[in-house]
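Start at 1 and go down the list; that is how both ligands and their atoms are numbered. In this chain, numbering begins with 1 at the start of the sequence shown.
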Amino acid sequence: MNYKELFQSEDGNVEQRQKFSAQIQKILQAMDDLKNPNQTILGESAEKSPAFYQHLMETAQVEEKGQALDNVVDELIQLLDGHPYHTHNYVTNVLPMASIPGLLGMLTNMLINGNNLWDVYGPAAAESEVKVISMMSKLVGYDETKSFGYTTWGGQGAVFSGLRLAIAKQFPNAKEEGVPNNLYCFASENAHYSLLKSIEAVGIGSNHLVRVKACADHSMDLEDLNMQMRAVIRQGGIPVYVVATTGTTDSFGIDDVAGVKAITTALEKEFTLKPIHIHADSALGGFYSFFNDYDFDTNPLDFEAPVTAALLQIRERMQHIHLADSLCFDFQKLGQTPYLTSLFLVKDGSSLGLLDLEDFDTPYVGNRGYGSYHTGYTLECSRMGSSIAIYAALRAFGKENYQALLANYVRVNLQFREQLAAQVPAVEVVNPLNIGPVTAIRYYGNNTTWAQEVAGQATAAQIEAVNATNSAWFELLGAQREDVFFGDTTRVCTVLAQDTKQFIPVAAAKLFTISPYTEVTHIPHFIEVLQQTIAQLEVQHEVHA
Ligand SMILES: *Cc1c(COP(=O)(O)O)cnc(C)c1O
């Protein structure tokens, strides 16, 4: 065995390259053979039971001799079989198909295997990172000469990084001394659970996460935010961090960042507080900033009137995210690049200095006469150069392709809602005021209605009964997911029960458009599947519509 054969060539010889590219070709070919545009998986599915994983655990081991590369690639190809694939019926959640420029960027990065920790080790990634930070800063309206950022571990990592900054800005010594025990963070009840995990991890404690009520449009209720922040301050608490979600994951509710900023500014003044850090969790929705400077009057991409109206409605809220101190773009979501390609942006880049390590603590990187880009402020040490994939996607798509793609998600959702209302009366849209890539739908049969639930007129028992029926519906939708892969959520929002005055989670199924191949023409089949599963549900439950 010659282990050198397992590597790319040292000298660029043709044979070694051809062997490598033949294996890649083989994988691509096998994948294409497994594709079927009318199902949401590659090849054949197999149910993965707990016993399946038990068997893997018992049998897997490192063997004495390595396998021939050909056999290894055959095994890789077997992994593709039954894997979900983002065909036009793949409408489950924000799980994108990785675009070709994204893949090529990632591949380039993998071939050179640079380390984004330091430009001496990863110059390509450092260069791309600086470029994409500037590109996205300009897009949202940050001053690119002052802003900064880095790629990190998901939207989750961005929420966490924002919190680290929030604490460091008010308590620069907290790094050494630990965090005070009276800090508080605020987010909408519809925010992603990223903040919950972050608060636990930094030691603030999840009891200090204040969940703000949401309005009927699923955005944060600013009156409640104001009230809750005042209550915390009156009791001696210090507000450090407000997360404004601009595009909630289940319903595309967009928090009013300008409104949040007005509240924190007023409170800072009234109570002489240090600046409260606002993070716009734009992981999902931030991409609609591509319409910030779209000329809706001349409408160069010829969007239909309803689509234009919807995009304008999104822009109304999204254009203010630059008021936040930090924000995020999950390129592995609407940016259509491979995992993980999340970009964390900070309005005042110099504040990252508060998180930086001392030279003494980083003996083998940075602080040399050579190299001038060392990311000592990130939580990661070694970092993948995911900015290269982001850069490639931004270059290849340009604003126009993103605009066309993102507008099509809106178009499909608008049409879907129209056809649903006409043809599936037992189901209602529970995010009717929000338009974007997602529609959350809830089965009511002829019982309660969404209008009653959202107005606080349904009893706890009624809401819970509807939830139970929807859970049964999710099972039926899940069972046919190789045809149309819908999503579902056990808590798209909460509603107030009329009798108990308690907030109760609302379960809903979801249509989340994320495949570039999903078009308006596919909607009738979505509707058909909904009707079929509802018919099954009604037989099962003997609820006759
Ligand atoms: C997806 C999402 C996150 C988490 O992002 P990951 O990349 O999965 O870590 C956080 N916030 C929002 C609003 C999201 O949509």
Side-chain angles (χ1 to χ4, degrees), residues 91-98 102 106 132 136 140 149-164 166 185-201 209 211-212 214 217-220 241-257 260 278-289 314 317-318 321 324 326-345 378-380 383-384 386-387 389-390 393 406 409 431 434 436-440 487-489 491-493 508 510 512-514:
V91 287
T92 177
N93 218 330
V94 56
L95 307 164
M97 177 182 275
M106 200 58 97
V132 300
M136 297 312 284
V140 293
Y150 49 87
T151 55
T152 190
W153 38 287
Q156 162 78 71
V159 168
F160 185 87
S161 300
L163 179 55
R164 275 183 88 205
C185 303
F186 302 79
S188 158
E189 57 169 324
N190 293 336
H192 192 269
Y193 56 76
S194 300
L195 181 57
L196 177 70
K197 283 206 269 174
S198 303
I199 286 181
E200 290 171 359
L209 165 57
R211 291 172 200 269
V212 181
D217 71 354
H218 302 283
S219 74
M220 180 152 50
Y241 195 43
V242 181
V243 172
T245 311
T246 51
T248 57
T249 321
D250 276 341
S251 59
F252 213 67
I254 306 176
D255 290 354
D256 176 1
V257 179
V260 171
I278 300 172
H279 178 71
D281 189 356
S282 50
L284 169 65
F287 289 91
Y288 279 85
S289 303
I314 298 172
R317 282 272 167 100
M318 207 61 80
I321 62 173
S326 58
L327 46 83
C328 167
F329 285 97
D330 252 5
F331 273 83
Q332 79 259 7
K333 288 184 175 168
L334 299 180
Q336 315 280 150
T337 51
Y339 294 105
L340 266 176
T341 43
S342 296
L343 185 65
F344 173 61
L345 287 185
T378 62
L379 199 64
E380 303 96 319
R383 293 193 310 125
M384 68 185 295
S386 49
S387 54
I390 297 176
L406 295 169
Y409 294 153
N431 63 337
N434 313 328
V438 60
T439 299
D488 55 60
T489 172
R491 182 167 61 84
V492 66
C493 62
K510 295 197 292 188
F512 206 121
T513 44
I514 189 64

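Each of Tyr409, Tyr288, Phe287 was scored for a ring-ring contact (aromatic ring centres under 6.0 Å, His included) with Phe252, with one residue passing: Tyr288. The only option from Asp488, Val94, Asp250, Val492 that meets the side chain to side chain contact (heavy atoms under 4.5 Å, CB included) definition with Lys510 turns out to be Asp250. With Phe344 as the partner, the side chain to side chain contact (heavy atoms under 4.5 Å, CB included) test is satisfied by one option alone out of Val159, Thr152, Thr151, Thr378: Thr152.
Between Ser161 and Tyr150, the side chains place a donor N or O and an acceptor N or O closer than 3.5 Å (distance only, hydrogens not considered).
Of all protein heavy atoms, the one closest to atom 14 (C) of ligand 1 is Lys333 NZ, 2.8 Å. Regarding atom 6 (P) of ligand 1, its nearest protein heavy-atom neighbour is Gly155 N, 3.2 Å. Among all protein heavy atoms, the one lying closest to atom 12 (C) of ligand 1 is Asp281 OD2, 3.4 Å.
Counting all heavy atoms, side chain and backbone alike, Leu340 lies closest to Met384 at O-SD, 4.0 Å. Across all non-hydrogen atoms, the minimal contact from Met106 to Tyr339 is CE-O, 3.6 Å.
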### Message
As a quick check of understanding, evaluate side chain to side chain contact (heavy atoms under 4.5 Å, CB included) for Asp217 and Arg317, giving each step before the final call.
### Response
CA-CA 12 Å; Asp217 71 354; Arg317 282 272 167 100; 3.8 Å; yes
### Message
Go through it in stages, so that I can follow the logic: the residues are Thr248 and Ser188, the test is side chain to side chain contact (heavy atoms under 4.5 Å, CB included), and I'd like the CA-CA distance, side-chain angles, deciding distance and then a yes or no.
### Response
CA-CA 10 Å; Thr248 57; Ser188 158; 5.6 Å; no
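Against a heavy-atom cut-off of under 4.0 Å, Asp330 is close to the following atoms of ligand 1: 1 (C), 5 (O), 6 (P), 7 (O). Listed by number with element, the atoms of ligand 1 under 4.0 Å from a non-hydrogen atom of Ser194 are 4 (C), 10 (C). Proximity to Gln156 (heavy-atom distance under 4.0 Å) selects the following atoms of ligand 1: 4 (C), 5 (O), 6 (P), 9 (O). Atoms of ligand 1 lying under 4.0 Å from any heavy atom of Leu284, numbered from 1 in the order shown and given with element: 15 (O). Atoms of ligand 1 lying under 4.0 Å from at least one heavy atom of Thr249, given by number and element, are 12 (C), 13 (C), 14 (C), 15 (O). Contact atoms of ligand 1 toward Gly247: 13 (C) (distance under 4.0 Å to a heavy atom of the residue).
Backbone and side-chain nitrogen or oxygen atoms of Thr245 are examined, and none is located within less than 3.5 angstrom of a nitrogen or oxygen of ligand 1. Residue Ala283 places no N or O, backbone or side chain, under 3.5 Å from any N or O of ligand 1. Among the atoms of Gln332, some N or O lies under 3.5 angstrom from an N or O of ligand 1.
Considering His192, Lys197, His279 only, the shortest heavy-atom separation from atom 10 (C) of ligand 1 involves His192.
Taking CG of Leu327 as the reference point, atom CD1 of Ile321 lies at 5.0 Å (rounded to 0.5 Å).
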